[in-house]
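One structure below.
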Amino acid sequence: MRILQLHCDSIEYTPKKKEIKSAEENVSTETTRLEELVVAFVAVEKDDDSSIAQDAISQIKNSMEKIGCKKLLLYPYAHLSSNLAPPSLAMSLLKEMESLASGLDVSHSPFGWTKSYKVHVKGHPLAESSKVITKKENIPSDETESTDEELTSEALKSESKIKSFWYIMSTDGTMTPMSEFNFSNHEKLEILSKYESAKKRSVDEPPPHVALMKKMAIADYEPASDAGNMRFFPNGRLIKSLIEQYVTSRVKEYGGYEVETPIMYDSHHPSMVSYFNRFPARQYNIDSEGKKLFLRFAACFGQFLMANDFQLSYKNLPYRLYELTRYSFRREQSGELVGLRRLRAFTMPDCHAFCKDLEQSIEEIKIRFDLSQSVLKDLGIEESDYEMAIRFTEEFYNENKKPIQELVKKLGKPVLIEMWKERFFYFVLKWEFNFIDNLGKASALSTDQIDVENGSRYGIEFVDENNVKKNPIILHNSPSGAIERIIFVLLEKAAFDIKQGRKPQFPLWLSPTQVRIVPLKDEFFDICNSLANKISSHNIRVDIDDRNESIGKRIRDAEKEWIRYIIVIGEKEANSDNLSIRDRQAGNVRELSFDDFIKEFEEQTTGKPQTGLNMPRLLSRRPQLMV
RNA sequence: GCCAAUGUAGCUCAGUCUGGCUAGAGCAUUCGACUUGUAAUCGAAAGGUCGUGGGUUCAGAUCCCAUCAUUGGCUCCA
């Protein structure tokens, strides 16, 4: 069976006259117009049978799901093949396909008629495809049984290649099937496991970080943009910028070289075409002077295309390229977007390491594993906050048990394993850290992958010891995951603290205001201002609450902004060398000399990026942000 | 994208079921008084196309339809 499949804005067809005796009866010769649909031109061939029809319709369904279209027109089209089946068989198989297309709004144009038609095809990369479907050997079905008998078995069969086998790997390297693992001391891992293996969870409250991101004046939805494209207020931009700077500095320290690549690419570029066919994505499309451009959904393209132009020797490897994408775009389904957790535009640190062989890539992945853990820790995300998942092919596991077990050992707690019988994606192994939030949802943070396919796809080559050209193995690491998602985690953790009756806080180095000075009366303002100058000369973000409010009110407001240090200046302090410092974390007021205070402060922020206040120093000059 | 819920002042919410006085409150804002010792000083003023568009009605925040956004579930997450 041969199929030409087109994703169309519209089609109009008019049956003209019967072409063969056995043509379909009772056909209206009116013009039929359909909109927003997939048209499948179908030629049924000699050896086709019912199983081919089933296979065909499941493939069509599959791709229609990917492009999010529900209407299908089956259009008998003999000209695709020179080996046609007899009309009776063709008609019955077409009918079968139509009846199998459950869940789709399906129709067909009359069989055996000459028809005129007008078709308007959409321009996106997945709009056009052709399929040739022939009989294949009966593949024995996998041992995992389907729990949902109602799904069409044919659809399941065609997906059997990506059937997953779930295990838990303990720190001693043993693998226990997930269903047999005792999760009693691993509550979060159980949540991740259930979440990943698609068990239902019902929650009916909004995620706490959404309220906090507004209340703390960090970020908000921008109604004038597309959903999932956020605006960041001064506080949010400051926090985001510091995290970006920090992750970048750590990757450079590890050996990544920072580059910058375009955010949009030509979907007809040869590398893109094959990438798309391999991994259909929902992306933003832009038409420009006849070019069909799309907004990148990762930094891979730019870096691979760049590496393609490098003259690489095995002596150069591993070679690491790094980019922090502001932004990567994925047009996620609207129903999937949530606050800062799942966005359509997000900032992603993405570091690729080009390695000469598997051995080198395995050494490299260990280094990056440590880097990722360390970066998260410094961002305030501890090991206990996340669970690890490792996904690999069975073949890779059988040949590389030791390094996999080593990763689990490094983490020091059991890990969720997903194993595939065959390689379906471009990688043979992928690990990631998943944060489990207040509502029991898992979000991937750090991740690394061993990519064995894109080296050749993008024509990236290096010359080995024997003067032979080879394609490198490529690792794809994001040491932190999306920056927005880090903020999401910090806010979810804060929300958890609030729930537990603890004071929420940001890591000191990320606080928009680190120190607030409160003059007791107007007459102390000048002292406060020169104190603020002195403090900010140490790269500390300090502001002054000069508003005409009671001292109680101003302390309360500072607490509500999660400001760590509050310094009240009154009669006593004006005549003393010491400062009265209210430490929000300790919950007390201490007398400290200026130098001791600076010392205490700097001990907590060494090694972290610094930047000045991103708002007026005087609170009286600051607009209130109530969002 | 599908199903459901929600949408009233800058923010948080009442009022909607059962249509009917000038749509209310707290916080924030502005003005005035107070000049403060570690989580909310007092008073006044100003602030609203009730998400948007249509419909039913003498009359719509309230009932009906459509649409947009958010949130939850499904699907998805290279």
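Chain A is the first sequence line, chain B the second, and so forth, proteins listed ahead of strands; every chain is numbered from 1.
Counting non-hydrogen atoms under 4.0 angstrom, A:Ser580 reaches a base of the nucleic acid. Within 4.0 Å of A:Ala227, counting heavy atoms only, lie sugar-phosphate atoms of the nucleic acid but no base atom. Among the heavy atoms of the strands lying under 4.0 Å from A:Glu559 is at least one base atom, whether or not backbone atoms are also near. Backbone-only contact: A:Gln449 has heavy atoms under 4.0 Å from sugar-phosphate atoms and none from a base. Residue contacts shown for A:Val518 are absent, as no nucleic acid heavy atom lies under 4.0 Å away. A:Lys430 comes within 4.0 angstrom of the backbone, heavy atoms only, and of no base. Using a 4.0 Å heavy-atom cutoff across all strands shown, A:Leu337 reaches sugar-phosphate atoms only and no base atom. Across all strands, A:Gly552 comes closer than 4.0 Å only to sugar-phosphate atoms, never to a base (heavy-atom distances). Across all strands, A:Leu520 comes closer than 4.0 Å to base atoms (heavy-atom distances). At a threshold of 4.0 angstrom between heavy atoms, the contacts of A:Glu432 with the nucleic acid are absent.
With a cut-off of 3.5 Å on both Watson-Crick or G-U wobble distances, the partner of B:rU36 is given as none. Of all nucleotides present, only B:rA69 satisfies the Watson-Crick or G-U wobble test against B:rU6, with each distance under 3.5 Å. Pairing partner, B:rA45: B:rU29, with both Watson-Crick or wobble hydrogen-bond distances short of 3.5 Å. Across all strands shown, B:rA78 remains unpaired; no Watson-Crick or G-U wobble contact has both distances below 3.5 Å. A 3.5 Å limit on both hydrogen-bonding distances identifies no Watson-Crick or G-U partner for B:rC21. The base-pairing partner of B:rC50, taking Watson-Crick or G-U wobble contacts with both distances under 3.5 Å, does not exist among the strands shown.
Minimum heavy-atom separation, A:His7 to A:Cys69: NE2-CB, 3.8 Å. Taking both residues in full, the closest heavy atoms of A:Tyr284 and A:Ala227 are given as OH-O, 4.2 Å, listed atom of the first, atom of the second, then distance.
Of the candidate nucleotides B:rA40, B:rA78, B:rU29, B:rA40 has the atom nearest to the side chain of A:Arg556. You'll find that the side chain of A:Glu573 is closest to B:rU38, out of B:rC76, B:rU36, B:rU38. Checked against B:rG73, B:rA39, B:rA78, the side chain of A:Lys441 finds its nearest nucleotide in B:rG73. In this structure, of B:rA78, B:rC76, B:rG37, it is B:rA78 that holds the atom nearest to the side chain of A:Tyr426. Comparing B:rA78, B:rG1, B:rU35 against the side chain of A:Lys521 picks out B:rU35 as the nearest.
Nearer the 5' end of RNA chain B, as judged by each residue's closest nucleotide, is the contact made by A:Gly339, out of A:Gln333 and A:Gly339. Toward the 5′ end of RNA chain B lies the nearest nucleotide of A:Ile551, the other residue of the pair A:Ile551 and A:Val338 mapping further downstream.
Computed from coordinates, the A:Lys71 NZ to B:rC2 C1' distance equals 16 Å when rounded to whole Å. Whole-Å rounding puts the A:Lys215 NZ to B:rC27 P distance at 17 Å. Rounded to whole Å, atom P of B:rA40 lies 17 Å from atom CG of A:Leu619. The CG-C1' distance, from A:Leu445 to B:rC77, rounds to 14 Å in whole Å. When the P atom of B:rA78 is taken as reference, atom CZ of A:Phe301 falls 13 Å away, rounded to whole Å. One atom, CG of A:Leu429, and another, P of B:rA78, lie 14 Å apart when rounded to the nearest Å.
Contact annotation: A:Lys553 side-chain N/O to B:rA28 OP1/OP2 distance is under 4.0 Å. Dashed line: the shortest gap from a side-chain N or O of A:Ser550 to OP1 or OP2 of B:rU41 is under 4.0 Å. Between A:Lys214 and B:rU70 there is no side-chain N or O to OP1 or OP2 distance below 4.0 Å. In this model, the phosphate group of B:rC76 is not approached by any side-chain N or O of A:Arg330 to a distance below 4.0 Å at OP1 or OP2.
Look at A:Glu332 and A:Arg344 and you find no salt bridge, because none of the NZ, NE, NH1 or NH2 atoms lies under 4.0 Å from a carboxylate O. Under the 4.0 Å criterion applied to side-chain N and carboxylate O atoms, A:Arg584 and A:Glu561 are not assigned as salt-bridge partners. Using a 4.0 Å cut-off between a side-chain N of Lys or Arg and a carboxylate O of Asp or Glu, A:Glu336 and A:Arg330 do not qualify as a salt bridge. Comment: A:Lys214 engages A:Asp220 in a salt bridge, judged by a side-chain N to carboxylate O separation of less than 4.0 angstrom.
No hydrogens or angles were tested; on distance alone, a donor-acceptor pair under 3.5 Å links the side chain of A:Arg342 to the base of B:rC76.
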Test side-chain hydrogen bond (donor to acceptor under 3.5 Å, both in side chains) applied to A:Asn229 and A:Glu222, step by step: CA-CA 7 Å; A:Asn229 287 255; A:Glu222 174 50 77; over 6 Å; no
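Note: A:Tyr565 and A:Phe597 have perpendicular aromatic rings, judged against thresholds of 30 and 60 degrees for the angle between ring planes.
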